[in-house]
Structures are given as structure tokens and as C-alpha cells.
Amino acid sequence: MKKNITKLMLVIILLGSIKSIYAEMSADEIAVKSQEVFFYQAADMKANVSMRLVNREGKERQRKLIMLRKNLANREQKFFIYFEKPQDFRDMTFMVHKLPDKDDLRWLFIPALKMVRRIASSDKHSSFVGSDFTYEDISGRDISLDNYKLLRKEKLNGIDCFVIQSIPKEEDKFSRKLSWIDGEKFLPRKEEYYNSSDELEKVFTAEEIKDIDGFPTIMKRIMKDVKTGNYTEVLYNNIKYNIGIGDDLFEERFMQNPQRRYLE
Amino acid sequence: MFIKMLTKLAIFSVDHPKLIILLTIFITILFAIQFPKITIDTDPKHMLSQASPVRKNNDKVEKDFELNADVIVLGIVNKNGVINKKTLSRITKFTNEIKKISGVISQDIISFTTIDNVLSEENTLIAKPVLERIPETDKELELLKKSIIKNPLFVNRIISPDATATAIYVPIKPAVNGKEVADKIKQLLPKDAGDDEYYLAGDPVARDTFGIEMFRQMGLFSPIAGIVMCIAIWIMFRSVPLIAANMSVAMVSIIWCMGLLIGMKFPVHIMSSMSPVFLMAIATDSIHIFNEFAFRFREVRDKRSAVIDTMAVVANPVFYSDITTAVGFASLATASIVPVKIFGLFIGFGTLVILLMSFTLVPAILMLIKEDSILKITQNPEQKEVSSQSYLTQLGKFCIKYAKGIAAFGGILLIISGVGLYKIKVNNNMVNWFKYSSPIRTADRIMNKHLGGTSTAYLVIETQTENSIKDPAMLKGIENLQKELEKDPRVGKTFSVADYVKRINRVLHNDDPNYDRIPDSSDEIGQYIFLFSMSAKQKDLNNVVDYPFQKAIIHLQLKTWDAGVMEDIIKRTDKYLAKSPLPGGAKIQPAGIAYFNLVWNSEVLWGMVESFLWGLILVLILLIIQTRSLLLGVISFLPLIFTILIIYGVVGLIGKDFDMPVAVLSTLSLGLAIDFAIHFVGRFQHRYREFPKLDDALIWTVERPGKGIFLNAILFALGFLVMVFADLTPYITVGVLMAVIMLISAAMSIIYLPGLIRLFHKEVVK
């Protein structure tokens with residue numbers, strides 16, 4: 001009996017010490033760290049991405065693309081996307097220059113017209129390639145736009161998570177977001193988006209996380225539109241970090257004939 | 001057998017009046033305590049059962065294409081143009097405020113500030129809300145106006161071609177009350193609007209306003225009808241106890257019927273809301289008992305035997321007239337429409353309650369009336385006897401004398417009615433259930449004048465294989481079908497994925513109008529649709545094509561709620577597709593509220609006509625049983641047929657639509673109009689058996705039960721005519737037609753029956 005009590009004491013002390021380590025991190029620090037791991041990992045990255053856009057009836061649309069990402073100074077990023085599927089937009093390429101505090105710059109090469117068009121949109125909530133993910137979901141939201149609060153720590157599927165609530169400083173599409181952030185890897189395991197009437201609208205889940213070249217990476221993610229019942233499942237394959245992407249990839253004139261070496 | 005039992009029951013009631021009254025009150029309280037559980041349902045869609053193919057298909061289409069079933073339209077009209085700083089800032093404010101109203105699907109609101117415009121400027125494709133910020137200068141305003149008016153996707157939808165009208169489309173969640181949301185929107189509108197005019201239209205507003213109005217009107221007119229009937233009874237009998245007797249029969253049947261309906265958890269529908277007035281009308285049948293009692297008491301001067309004798313004599317006609325009424329309503333149970341079934345069965349139940357009360361509560365109350373006040377009752381008919389009796393006697397004599405001439409005149413009336421019946425138009429239009437100058441109907445009219453239309457329909461295109469919609473031939477086919485449909489002036493706007501593809505094609509080619517067409521390759525189409533899905537809301541695309549591009553949908557805005565429009569659209573579509581079919585054997589399926597109304601229209605109305613015919617046959621059989629004579633049964637049946645043919649002949653001749661309220665009337669008239677003939681023939685037979693002199697018996701019948709018939713008809717007509725002052729046209733229709741039906745059928749019974757019985761007397765009276 002006495003032995004058991006000593007054991008229990010020990011556990012409590014141990015737990016307490018872990019807690020105190022976590023407690024040292026503020027909500028803001030967790031948010032910054034999480035965004036770093038989630039969107040800015042390594043200097044550059046390449047992946048084969050396959051997407052399944054599924055409606056509530058199980059009917060699908062597919063997208064297969066090669067995605068390359070390069071980090072720049074001042075948290076700017078450039079994305080280059082080459083479409084492999086569906087067949088009718090093969091060879092289409094799409095380029096995004098992400099500017100955290102300004103509107104993104106986007107270019108699309110339209111094979112049927114053999115021309116590049118700039119696409120201007122001030123809406124970061126518009127759909128990314130027709131999926132349930134938005135540009136913001138893919139490339140991250142400007143960290144200074146929200147106030148963060150650490151609500152609690154809890155286990156999600158057996159993993160210790162911080163539950164962070166983000167509330168936009170100015171009125172936005174979503175009134176708040178709840179993120180379950182992996183206490184160890186700092187990647188979000190789950191996110192819930194609430195609209196202005198505080199109804200749950202979208203749910204993000206990281207279904208599979210792996211370490212690639214030492215970088216924790218979400219291999220499979222799902223974004224579900226709770227209102228319509230539609231969801232998009234995204235699989236990352238052949239992920240490579242720090243492959244040395246040059247600035248030449250992101251030239252508008254190369255969009256029609258992107259350099260093969262990046263696509264193989 | 002039933003009649004014997006009822007007569008025994010009546011004798012029991014005469015001997016135990018207080019027990020009967022207490023028992024009735026007790027049971028009535030049991031039914032009354034169900035009332036607080038009342039639920040109301042005014043959605044015409046619920047008229048068809050959830051399992052009906054149309055409803056299932058409609059629900060599926062709405063879900064497949066993420067469409068909102070219920071949309072409120074806030075129309076803004078400004079004769080100087082809506083693109084001005086003030087109106088635009090109001091649109092912005094309204095949109096933001098409406099988003100916050102609970103029950104509104106805020107992310108799907110369509111207005112200048114939420115809908116995206118896809119434009120092209122210097123090789124840049126721009127997707128941005130139509131109205132991002134309020135323009136500062138006139139030049140900017142002019143540019144904005146151009147950008148909206150030049151987008152064919154917007155014209156007739158969110159802007160009128162002359163820019164004097166716009167609309168905010170507010171989708172609401174299922175089961176949310178459209179009137180309540182509309183009222184909250186109304187509160188947002190400024191009192192001093194300047195040149196802006198605001199209109200609230202759309203199916204949920206009309207429907208739920210109708211629902212609320214309907215109860216208000218029924219709450220108002222049921223008591224008024226009751227009071228009018230009370231006054232009429234007072235004039236006829238000068239007796240408060242008789243008024244109490246008649247009204248308590250009516251109230252008891254209403255409370256039992258509605259209590260049972262609510263207790264069994266059925267929602268109160270448009271039709272069942274009319275139950276009180278109907279039951280009140282049916283309850284006037286007890287006038288026959290009072291009338292006979294007044295005559296009897298004068299003859300025997302003993303209350304008990306007068307009541308028992310009265311009940312014995314009227315038992316047969318009262319029983320059969322109530323049974324035929326109940327059967328007429330219960331025949332609605334053969335209809336496929338659930339609320340119609342329920343309505344029929346419950347009114348049938350209420351009628352049986354009236355029958356029961358006629359043999360229990362009525363004799364019990366008669367027993368409790370003081371002798372001296374009975375003398376007052378009997379005095380009154382005595383005083384008036386001289387004039388009314390001689391008048392009715394004269395009439396009886398006249399009818400017997402000119403039987404053939406009267407029959408011939410009837411024949412001519414029938415031919416005229418036949419012409420009217422041929423011209424009758426079956427139609428249903430919920431907006432027309434409001435008066436012409438009512439806010440709802442005005443809003444609908446103004447919106448339909450300026451924009452594409454407040455009613456919507458869909459044509460779903462189903463192909464055999466995935467991606468077939470991206471086939472250029474398919475899109476061109478859809479485009480041409482749309483052009484064909486727009487030839488109908490009642491189709492104010494159509495749009496489909498073809499319009500989106502054309503728009504992107506043009507925008508990508510620097511707004512060159514030559515590219516406002518479907519491209520020639522499916523790759524090009526696929527890429528344009530993709531581009532569209534990148535620049536617009538996901539929903540915009542999901543609203544027009546399904547995920548595998550196997551199905552597409554054409555949206556139609558219609559300028560009228562007439563069910564007939566949809567019928568014409570389907571005919572036009574079929575005719576066009578027979579000539580130029582869509583590639584790959586693609587099929588077209590109609591859906592949407594307009595199609596729903598069409599199906600509802602034909603199913604509800606024809607269903608009612610069918611049950612009405614069944615009711616007619618059943619009533620005829622009952623008449624033959626009652627008279628124990630085939631010929632006499634058929635003769636008693638004739639006044640009913642005459643009345644119905646004349647009424648619907650007139651409806652056809654004056655061009656009034658045969659809609660739901662009119663259809664409900666036919667079943668009501670079935671049960672009620674026959675009552676007079678039943679009383680007439682029943683009492684004639686009874687008299688003839690006692691005094692077998694034909695002409696005298698006929699004249700006696702015209703004079704004595706005939707008086708009851710006239711009193712009943714007048715009472716009835718007065719009760720219903722009150723509804724002429726209602727705000728909703730169906731109630732006006734019901735009120736006027738009901739009154740006319742009663743008067744005509746009373747006249748038919750009294751004028752035609754003596755003549756007909758005389759003509760066929762050899763066969764009739766053996």
C-alpha cells in the first residue's frame with residue numbers, strides 16, 4: 001500500500017514537471033512554432049500530391065499534381081504546381097507568390113490557349129484548385145491577423161495536444177478556429193473552423209504524420225465541409241526537402257515548358 | 001338498426017338530460033386539453049408524402065446540386081437607378097445585417113457584396129465581389145454599373161437590364177419560418193428610404209405569411225360566422241336555448257375533431273384550418289330538429305312527447321344527411337395527398353360527432369328548456385305561419401303544375417353549365433391567394449416586372465458517362481435549349497454551366513464578344529471550368545454540375561407561380577429535344593418548386609376530383625338505401641348534380657381557376673347539398689305513408705320540412721358569406737361559393753323534387 005502511494009507521488013511529480021515545461025510556452029509561441037513546422041519546413045520542398053474531392057454522395061473529382069515550394073526572405077514563399085490529372089488539364093501549370101501581408105500573386109498557364117494569365121484575387125478563402133482547401137489552408141494564414149489563446153491541453157487519439165483558439169482581430173470569414181496542436185511535433189492534428197454564427201463549418205484532420213529527412217510531415221490530410229458533407233483528401237508522396245530549387249523555376253515564361261528536372 | 005339505436009339513445013337523453021350534458025362536457029374537456037400541443041404546417045411540399053417520387057427526386061436534386069429550397073427575395077427598386085452611393089451603401093448594410101439573422105444560411109446570400117464578378121484587365125483575370133467598396137465619383141459609379149450590366153450572368157438576376165432594380169437573395173434553413181425572417185428583414189429597412197422601394201417576395205414568405213394569415217382569418221371568421229348564425233336563429237326562433245343548442249353542437253364537434261387531430265400529432269394544414277367553419281356549417285343541420293320540434297310542440301303541447309316524436313320523425317333524414325356528409329368527406333381518404341386525407345377523415349369524424357350530438361345533446365337541451373320559453377319558440381312560427389306557409393304552399397302548387405316547363409328550364413341551365421365546365425381551367429397559384437393589392441402579391445408583381453422571376457424551376461440533364469457534360473456538343477445543346485426556353489415570355493432568366501464557360505471564354509479573350517460562345521474542344525471547356533472553380537465560390541460550380549460532370553442543371557426563373565407554366569416548359573423542352581436531341585442519349589428531368597407545384601396541382605386536384613366522384617357514387621348508393629327505391633334515390637340525387645354542375649359551370653364561365661379551395665368545396669357541397677334532398681324525400685315518404693294523397697303530401701312537404709330547408713340554407717349562406725370580408729382569396733371563394741351552393745341546392749330540392757316526383761309518381765309511389 002505504502003509502495004503504491006510512493007509510486008503515485010512519483011507519477012504526479014513527473015507529470016507536474018512535464019506540465020511545467022509546456023506551461024512555459026505561451027499560446028503565441030505555440031502558434032508561431034506550429035506555423036513554422038506546418039508551412040515553412042526546410043528551405044524548399046517537392047511532393048507528388050494526389051487529391052480526391054468527394055461529395056456527400058461519394059462522387060469524386062481527382063487532381064494529381066507535382067508541387068514545389070521555396071521559402072524566401074520575409075516569410076514570402078513561391079509555389080509551383082504542375083498538373084498531371086485530370087487529363088483535360090494536363091500540362092497546366094500554376095504559380096503562386098505568397099506575400100504574407102499583401103494579396104498573393106498567382107499565374108496560370110492555360111494549355112488550351114497556350115497562354116499565361118495572371119489571376120488576381122483578394123480572397124485568401126477562395127478554393128485551392130477547386131478543392132475544399134483554401135489558399136490559406138495550403139500556404140498558412142498571416143500569424144499577425146489573429147489573437148491566440150491556449151484553452152487547455154488534452155489527449156487527441158492518445159496524443160498530447162495543445163488546444164489553441166485563434167480569433168481574428170478584424171471581422172473575417174471565420175469567427176474562430178480551434179487547433180489541436182501536437183505537443184511534440186507541433187503539427188496540427190485537427191482544426192475546427194467556426195462561422196460568424198459560431199456554427200462548425202469546416203474540420204481539418206491530419207490523418208498520417210511521418211518524419212521525412214527529420215522533418216515531421218503530414219502525409220495525409222482531410223478537409224471536410226461540415227455544411228455540405230463534401231470533403232477533400234490530400235495525399236503527399238515522394239516528399240523531398242532541400243533539393244535546391246533555383247529561382248529559375250518561377251519565371252513566368254517557363255510556365256509553358258517547365259524545366260523537366262524539377263518534375264521528375 | 002342504427003336509426004333504432006339512435007332513437008333509443010334520444011329517449012334516454014330525454015330522460016337523463018343533465019347526465020348527457022355533463023358527460024358531453026367531460027369528454028369535450030378531454031379533447032380540449034390536447035390543443036396546446038398544436039403544430040402548424042403550411043409548406044405545400046408537405047402535401048405530398050415524403051416517399052412520393054417527386055418529393056424524393058426534388059430533395060435529391062437539391063442535395064446533389066447543393067441548392068437551397070427556400071429563398072427569400074428582398075427586391076430594391078429605384079426609378080433613378082440602384083447604382084448610386086446611397087442605395088449601394090444600403091445594400092452593403094442590409095447584406096451584413098441579414099447575415100446575422102438566425103435561420104439565414106449566411107454564406108449563401110446573394111447580393112452585390114457577396115457575388116463574385118470575373119473580369120479581365122490587361123491579361124489579368126480578376127475575381128472579386130461585384131461591390132467591394134462604395135465608389136466615390138460618378139465616373140466610378142458609371143464603371144461599376146457597366147461591369148454589372150455587361151455580365152449576362154447578372155442581368156435579370158441581380159440587376160434589371162435598365163439598372164433600376166436589384167435583389168438580395170436570402171436562403172433560409174429548412175423548417176425556418178419565412179415570415180419571421182422576412183419580418184426581421186423588414187425591420188432593417190429605413191423608414192425614410194428616399195427613392196428606394198423595398199419588396200419582400202419568394203415562396204417561403206408567401207407560404208408562411210399565408211400560414212399565419214390563415215389562422216388569423218380563421219380565428220376571426222369562425223366566431224363571426226358563429227355570431228351571424230346565432231343572430232339568424234334568433235330571428236327565426238327567438239330562443240336563446242336553441243341558439244345554445246345549435247352552437248354547443250358546433251363547438252363540441254369542432255373541439256372533438258381538432259382535439260383528436262392535434263392529439264394524434266397531425267400538423268394543422270391549410271385545409272384542416274378550415275375545419276371549424278365547415279363543422280359549424282354542418283351543425284346547422286339541427287335546424288331541422290328545431291323546426292319540427294316547433295311544429296310538434298304546438299300540436300301536442302307536451303314537451304317530452306314532442307321531443308320524442310320529433311326525434312322519431314327526423315331520425316331517418318338526419319341520420320342519412322349526416323352519413324352522406326361524412327361519406328363525402330371520408331371519400332377524400334382515397335386521395336393520395338396526406339393532408340387532404342386527414343382533412344377528409346377528421347371532418348368525417350366531426351360530422352359523426354354532430355350526428356351523435358343530434359340524438360343526445362340536442363334532445364337533452366330541448367328537455368331543459370322551460371315550457372313558457374318553448375311557447376315563445378312555437379309562437380313565432382305560428383305568427384309568421386300565415387305569410388310563409390301560404391308562400392311555400394303557392395310555390396309547391398306552382399312546381400307541381402309546371403313540372404315539365406321547370407324540367408325543360410333545368411335542361412337549358414345544364415347545357416350552359418356544360419359549356420362552362422368545358423372551359424374550366426385547373427390551376428393553382430399560391431401568390432394569387434393573396435389579394436391583388438396585398439404587400440405579398442404587389443412585391444411578387446413588381447419583382448417579376450423588373451427581374452427574371454420569383455419562382456424557380458430546374459431542368460436536370462443526366463448523361464450516361466462521366467465528363468459528358470464537358471462535351472462541346474452537349475454544352476451547345478444546353479445553350480440552345482436555354483435559348484428555346486427563353487422564347488416563353490414567362491421565363492425571365494435561365495442559366496447553366498454553359499453560361500459560366502461562355503463567360504470565362506470571353507473574359508480570357510480580353511472581353512471580346514466574339515468569344516461569348518462555347519469553345520470547340522472539351523479540354524478547353526475542362527480548363528475553363530477549372531479556372532471558374534478557382535476564381536468563384538465552390539458552390540457556384542456545384543450548383544450547376546455534379547462532381548463527375550455527368551449531370552448538369554439549368555436554372556430557370558419564372559415570372560409567375562401558375563402551375564401551367566411548368567407544363568408548357570416541359571412540353572416545349574420535349575418538342576425541342578425531339579427535333580434536336582442532346583448527344584449521347586442524355587435525359588432531362590424537371591425539378592424545383594415550380595415543377596413541384598405542377599405535380600401537386602395535378603395530383604392534389606385530380607386526386608380530389610377522383611375522390612369526389614367516388615363520394616358521388618357512395619352517396620347515390622346511400623340514397624337508394626334510404627329511400628328503398630332506385631328511382632327515388634336517383635331523383636333525390638338530381639338536385640345535388642344540378643347544383644354542382646351549375647356552380648362549376650359558372651366557375652368555368654367567369655374564368656376562375658379551379659384551384660385547391662374550389663376543389664375542397666366540391667367535396668363539402670357533396671355532403672351538404674344533398675342534405676336538403678334527403679330531408680325532403682324522407683319526410684315526403686313518411687307523410688305519404690300516413691296520408692296517401694300525392695299532391696297534398698308534396699305540398700305539405702314543401703310547406704313544412706321545406707321551411708326547415710330554407711331556414712337551414714339561409715343560415716348556412718349567412719355564416720359563409722361573412723368570409724367575403726377575409727383578406728385571403730381562398731376564403732372569399734369558399735364563402736361565396738358555399739353560400740351560393742346552399743341556396744341553389746335548397747331551391748333545387750324544393751322546386752325540382754316535387755315536379756320530378758310528380759312526373760315519375762307511378763314508378764316512385766307504388
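Below, chain A is the first sequence line, B the second, and so on; all start at residue 1.
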Does the side chain of [Y] come within less than 4.5 Å of [X]'s, by heavy atoms?
| X | Y | answer |
| --- | --- | --- |
| A/Arg56 | B/Asp64 | yes |
| B/Ile525 | A/Asp88 | no |
| A/Leu113 | B/Glu524 | yes |
| B/Tyr547 | A/Asn230 | yes |

Among [options], which residue has the highest count of heavy-atom pairs closer than 4.5 Å to chain B?
| options | value |
| --- | --- |
| A/Ser196, A/Ser131, A/Gly229, A/Ala112 | A/Ala112 |
| A/Asp225, A/Val129, A/Asn195 | A/Val129 |
| A/Arg118, A/Lys59, A/Arg61 | A/Arg61 |

Just verifying a value: how many Å separate [X] [atom1] and [Y] [atom2], rounded to the nearest 0.5 Å?
| X | Y | atom1 | atom2 | answer |
| --- | --- | --- | --- | --- |
| A/Arg117 | B/Ile126 | CZ | CD1 | 11.5 Å |
| A/Trp107 | B/Leu125 | CH2 | CG | 14.5 Å |
| A/Met115 | B/Leu508 | CE | CG | 6.5 Å |

Determine whether more than 12 heavy atoms belonging to other residues, nucleotides or ligands lie under 6.0 Å from atom [atom1] of [X].
| X | atom1 | answer |
| --- | --- | --- |
| A/Lys114 | NZ | no |
| B/Lys63 | NZ | no |
| A/Lys227 | NZ | yes |
| B/Tyr515 | OH | no |

Which atoms of [X] approach chain B - backbone, side chain, both or neither, heavy atom under 4.5 Å:
| X | answer |
| --- | --- |
| A/Lys173 | neither |
| A/Glu57 | side chain |
| A/Leu108 | side chain |
| A/Phe128 | neither |
| A/Ser127 | both |
| A/Pro111 | both |
| A/Glu201 | side chain |

List the atom of [X], the atom of [Y], and the distance in Å for their closest heavy-atom pair.
| X | Y | answer |
| --- | --- | --- |
| A/Ser197 | B/Ser106 | OG-OG, 4.4 Å |
| B/Met534 | A/Ile119 | CE-CD1, 3.9 Å |
| B/Thr124 | A/Ala120 | CG2-CB, 3.7 Å |

Any idea how A/Phe89 and B/Phe530 line up, ring-wise: parallel (<30°), tilted (30 to 60°), or perpendicular (>60°)?
parallel

Which atoms of B/Tyr528 are under 4.5 Å from chain A, going by heavy atoms: the side chain, the backbone, both sets, or neither?
side chain

Contact part of B/Gln550 toward chain A, heavy-atom cut-off under 4.5 Å: side chain, backbone, both or neither?
neither

Taking every non-hydrogen pair under 4.5 Å, which of B/Gln107, B/Lys99, B/Lys100, B/Glu466 racks up the most with chain A?
B/Gln107

All salt bridge (Lys or Arg N to Asp or Glu O under 4.0 Å) counterparts of B/Glu66, not counting sequence neighbours:
none

Mind checking salt bridge (Lys or Arg N to Asp or Glu O under 4.0 Å) for A/Lys149 and listing every partner two or more places apart, or none if nothing turns up?
none

Quick check: does any side chain N or O of B/Gln527 sit under 3.5 Å from a backbone N or O of A/Ile110, one acting as donor and the other as acceptor?
no

A/Glu199 bridged to B/Lys173 by N-O distance under 4.0 Å
yes

